[in-house]
Protein chains: 2
Amino acid sequence: MVTIKQVAKRAGVSFKTVSRVVNNDPTVKAENREKILAAIEELGYQPNLAARMVRKKNSDVIGFISDEISTTPSSVDILRGAQDRAWELGKTLMVFNLDHKKPTPIKLLEECRQHRAEGVIYGAMYHQPVELPETFDKQPTVMVNCFDPNVERASIVPDDQQAAYDVTMQLLNKGYKRIAFLNLNPEIVAAKLRLAGFEQALQEFNIEQSNYLVETVERVIDGHTSDVTREVAERVIEEFKPDAILCGKDLVALRLYFVLEHKGLRVGQDIGVASFDDWDCIPQLLVPALSSVALPYYQMGRAAVSRIVEMVGDKQVSTHIDRVKCQISSRESF
Amino acid sequence: MVTIKQVAKRAGVSFKTVSRVVNNDPTVKAENREKILAAIEELGYQPNLAARMVRKKNSDVIGFISDEISTTPSSVDILRGAQDRAWELGKTLMVFNLDHKKPTPIKLLEECRQHRAEGVIYGAMYHQPVELPETFDKQPTVMVNCFDPNVERASIVPDDQQAAYDVTMQLLNKGYKRIAFLNLNPEIVAAKLRLAGFEQALQEFNIEQSNYLVETVERVIDGHTSDVTREVAERVIEEFKPDAILCGKDLVALRLYFVLEHKGLRVGQDIGVASFDDWDCIPQLLVPALSSVALPYYQMGRAAVSRIVEMVGDKQVSTHIDRVKCQISSRESF
DNA sequence: TTGTAGGCGTTATCAT
DNA sequence: ATGATAACGCCTACAA
């Protein structure tokens, strides 16, 4: 590999002058700068970041420990956002995956520290509580799409309650009066928060208990989650006769579309449908296109990096939880 | 940060002895090893990889330039596979995303070289030709899910032709006699290869041209691809009356299911359906569950890292193209 | 404006 | 079995 000294020799100056050019120090004679830049070009010199890192105190590296994030199709956007923001700020994101049978978070954190990461981001595949080991206190840490139920830690999560409130309000404002909510497994954080937002909106409209319904479409048996959307949806439509259905995620809506197609009910006309996730191409693929509340994963990823860089700079630890607003992608299903 | 010297002081030995312990050099007295390990534990010492890298010639870093890979839900599995394999081999994968309006591949390659990456993997979101700049010749390079149409370069791609051949053979063996193939945009590599595999199987069964049909379900207008599965499927079913339909991807099959539901045709009974991708939970979500040929993304990611590590070790450049076999996930749709 | 000396944390060499 | 000493490529401080 080409070193700074070889460039210096080629350009006929001392290596320090080359260093100045590389680091944009203005105190270099234009003529020398030209020569040096030419030499750099010719030799294909690239500064050795490792050597630089040894001498300087900052590594410009941010660790990202992703708890099955890249296993889940939608939440990869967190990584994309984080990557993009890191690039903008001149930082390098070093990503480590954490799978079922894979290294512990502690091992991955050690890896981060060996690379002298200035801070560490811990991201989860879906909004959930995560108890991080104490070792995470040793450097700035930001949690994305998760939070520590015991310790106060800087966190970025989607505002699920606002999301449910907003979409329910929009349904009510459009005149829907009997809404059924096909919620996810009630144990998960998002389901709880969305239920709260849903009921909050209903209260504002003074909708009575008999005029709305909440059902779960996920059965958990032995830790395995199975989906029962079709049977639940059929029953709900038969017995409760809703004029609109809010789905816990796009895949629930997708199954619902099949049920409605089968029953001859036209989405957007005979019955309104709304959903959460706005996952990839699924909403546009459906006919009519599904209105869905987008989870702001990309923004969350960006926010996480912004936050960690702030923490590294200020040294002041602000441990508040950022709830990122979710936007409704309005289409034709209600 | 704790240095090796601080550990040495604590343990009452020279820093070189500590270095030996850290690097598993057996020539250290057991008693001293104990003391040193204890000191390391107490101080929370983590070796500085940057400093190590300055001294050693190998960085154990592999660069991964992902061309919109993480934008595409399925192909992230390439990254997962690469990460996993890298971890197994004691390497660190440094991932850089390449988006539409983002840094050029050349810039990202420079980044890799600044980190002294031992080799670079270039991954694409879907099987396609990619012309890499000449600068990629300067170090071991492996292409995943893509290939260079001009230069011979080590590449890992899915065996689309075999995939189509296998699934078509399976359809024919099960007794289907009039197969319609709803293929993707014929300009893309996968579509061409699959068509070849499809026809190869038909020939082996001596199926005449009048007894199979190939249609495109993607319209490209001004560079934008739009899907016309529904209208094409309706026409094909009406006019050609196939007993089985092979879909270019799961999302095409998904749309087809709606058409079939609408027409009252029962999948797996009145008509067989097969597909490519085996994308996430979509195949299982459909009723009956969709049989689909899985793209071996995870394996390809692993293979890419294995390959680059070999190249780094052997210095002998083998530029052949690895075609990774695709497995059929058999379910109930045919 | 430029160059020299010293040091960052580690590994390699060669004594002891 | 252990420890000085040099070296890696770069940056900082200071001197010229």
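Between Leu49(A) atom CG and dC8(D) atom P the separation is 19 Å, expressed in whole Å. What separates CZ of Arg113(A) from C1' of dG9(C) is a distance of 16 Å, to the nearest Å. As rounded to whole Å, 13 Å separates atom P of dC8(C) from atom CG of Asn48(B). Summarising the geometry, the separation between NZ on Lys5(A) and P on dC8(D) is reported as 7 Å, rounded to the nearest angstrom. Rounded to whole Å, the distance from CE on Met53(A) to C1' on dT10(C) is 14 Å. A straight line from CZ of Arg55(A) to P of dA7(D) spans 18 Å, rounded to a whole angstrom. Taking atom NZ of Lys57(B) as the reference point, atom C1' of dA12(C) lies 11 Å away to the nearest angstrom. Residue Lys29(A) contributes atom NZ, which lies 8 Å from atom C1' of dT1(C) at whole-angstrom precision.
Across dC10(D), dT10(C), dG3(C), the shortest atom-to-atom separation from the side chain of Ile4(A) is found for dC10(D).
At distances below 3.5 Å, at least one donor-acceptor pair connects side-chain atoms of Asn145(A) with backbone N or O atoms of Ala124(A). Between the side chain of Thr17(A) and the backbone N or O of Val13(A) there is no donor-acceptor pair closer than 3.5 Å.
You'll find the side chain of Phe64(B) stays beyond 4.5 Å of the side chain of Val142(B), heavy atoms only. Contact of the Tyr126(A) side chain with the Ser75(A) side chain is not registered, since no non-hydrogen atoms from C-beta on lie closer than 4.5 Å. Inter-residue side-chain proximity for Val120(A) and Pro140(A) is flagged as unmet; no heavy-atom pair is nearer than 4.5 Å.
Residue Ser19(B) places no side-chain N or O under 4.0 Å from the OP1 or OP2 atom of dT10(C). Here Asn32(B) does not reach the OP1 or OP2 of dA1(D): none of its side-chain N or O atoms lies under 4.0 Å away. Considering only side-chain N and O atoms, Thr27(A) lies nowhere under 4.0 angstrom from the phosphate OP1 or OP2 of dT1(C).
Between Val28(B) and Thr3(A), the one whose closest nucleotide on DNA chain D sits nearer the 5' end is Val28(B). For the pair Asn23(A) and Thr17(B), both in contact range of DNA chain D, the more 5′-proximal nearest nucleotide belongs to Thr17(B).
If you check distances only, the side chain of Arg20(B) does reach the base of dG3(D) with a donor-acceptor pair under 3.5 Å. Side-chain atoms of Lys16(A) stay outside donor-acceptor range of the base of dA13(D), with no qualifying N/O pair under 3.5 Å.
Residue contacts shown for Val54(A) include a base, since a base heavy atom lies under 4.0 Å away.
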